[in-house]
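In what follows, a structure is listed as structure tokens, so that the remarks can point back to it.
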Amino acid sequence: MSLIKLYGMPMATCTVRVLLCLEEVGAKYELVPISMPTGEHKSPAHLARNPFGQIPALEDGDLTFFESRAIARYVLRKFKGQGPDLLKEGNLSESAMVDVWLEVEAHQYNPAISPIVYQSLILPRMYAGTPDQTIIDTNLEKLKKVLDVYEARLSKSKYLAGDFFSLADLSHFSYTKYFMATPYASVFDSYPHVKAWWEDFTSRPAFKKVAAGMAPQQ
Ligand SMILES: *[C@@H]1O[C@H](CO)[C@@H](O)[C@H](O)[C@H]1NC(C)=O
């Protein structure tokens, strides 16, 4: 069996999503670095893996594909029975809840939190740019509305999909981790159940290991 190859960067938010899954199931894999500063993600070789020129992409034998949430599901299905059951595919209602909160992460949480992280962390540190405070403020308001929903949900169940840790929770890790290094981290203090949820699942060994490869926090 050939080794799974993940093309990406250990500090990139979507690469982190897949790395966490690989670590949770204890899979053997090779992380092949794709340098974004040199534009390697737009090279013909990488465009053959992902026509949108983004990272990550996965290569497993003859199969090559992209989109981190799809790769994450693939990894968890392939190594089913190894490590925790993060998809709950044996249970129709539980797997539906995992799907719901994965969609919420992709379509509600991510669009609000990612511009804040980009403006306040990535732009000044990686590209020497000046943050746009209007974008930050607009998205902080959006994020607070999303967190209101999360607070209500997490006051009823320990994790997003139910009383079990799942891919839906895991998927929130990278952007939230970076958000906690922005000047706006204290926003989470107003949401005690969200904060407890965050502190609970980020203590997992796989998370500590992957977090060590992410960008410096301060
Ligand atoms: C599926 O999960 C629900 C909620 O956790 C549980 O009540 C139910 O018994 C489970 N069904 C099966 C078939 O295991």
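Computation of the quantities below employed the complete heavy-atom set of this structure, encompassing side-chain atoms and omitting hydrogens, waters and symmetry-equivalent molecules. For ligands, and for the atoms within them, numbers begin at 1 and follow the listed sequence.
When each of Arg73, Arg69, Lys88 is checked for a side-chain contact (heavy atoms from CB on, under 4.5 Å) with Leu167, only Arg73 meets the rule.
Counting the atoms of ligand 1 from 1 in the order shown, those under 4.0 Å from a heavy atom of Asn91 are 1 (C), 2 (O), 3 (C), 8 (C), 10 (C), 11 (N), 12 (C), 14 (O).
By the 4.0 Å heavy-atom criterion, Ser93 is counted among the residues contacting ligand 1.
For atom 2 (O) of ligand 1, the nearest protein heavy atom lies closer than 4.0 Å. There is no protein heavy atom closer than 4.0 angstrom to atom 7 (O) of ligand 1.
Note on Ile135: it does not cluster hydrophobically with Tyr109, by side-chain heavy-atom contacts below 4.5 Å among ILVMFWY residues. Hydrophobic clustering, with ILVMFWY side chains joined whenever heavy atoms are under 4.5 angstrom apart, groups Val32 together with Val16.
Nearest non-hydrogen protein atom to atom 4 (C) of ligand 1 is Glu94 OE2, 3.6 Å.
Side chain of Gln119 to backbone of Ile136: no donor-acceptor contact under 3.5 angstrom is found.
For Arg17 and Phe173, the positive end is not near the middle of the six-membered ring at less than 6.0 Å and at most 45° from its axis.
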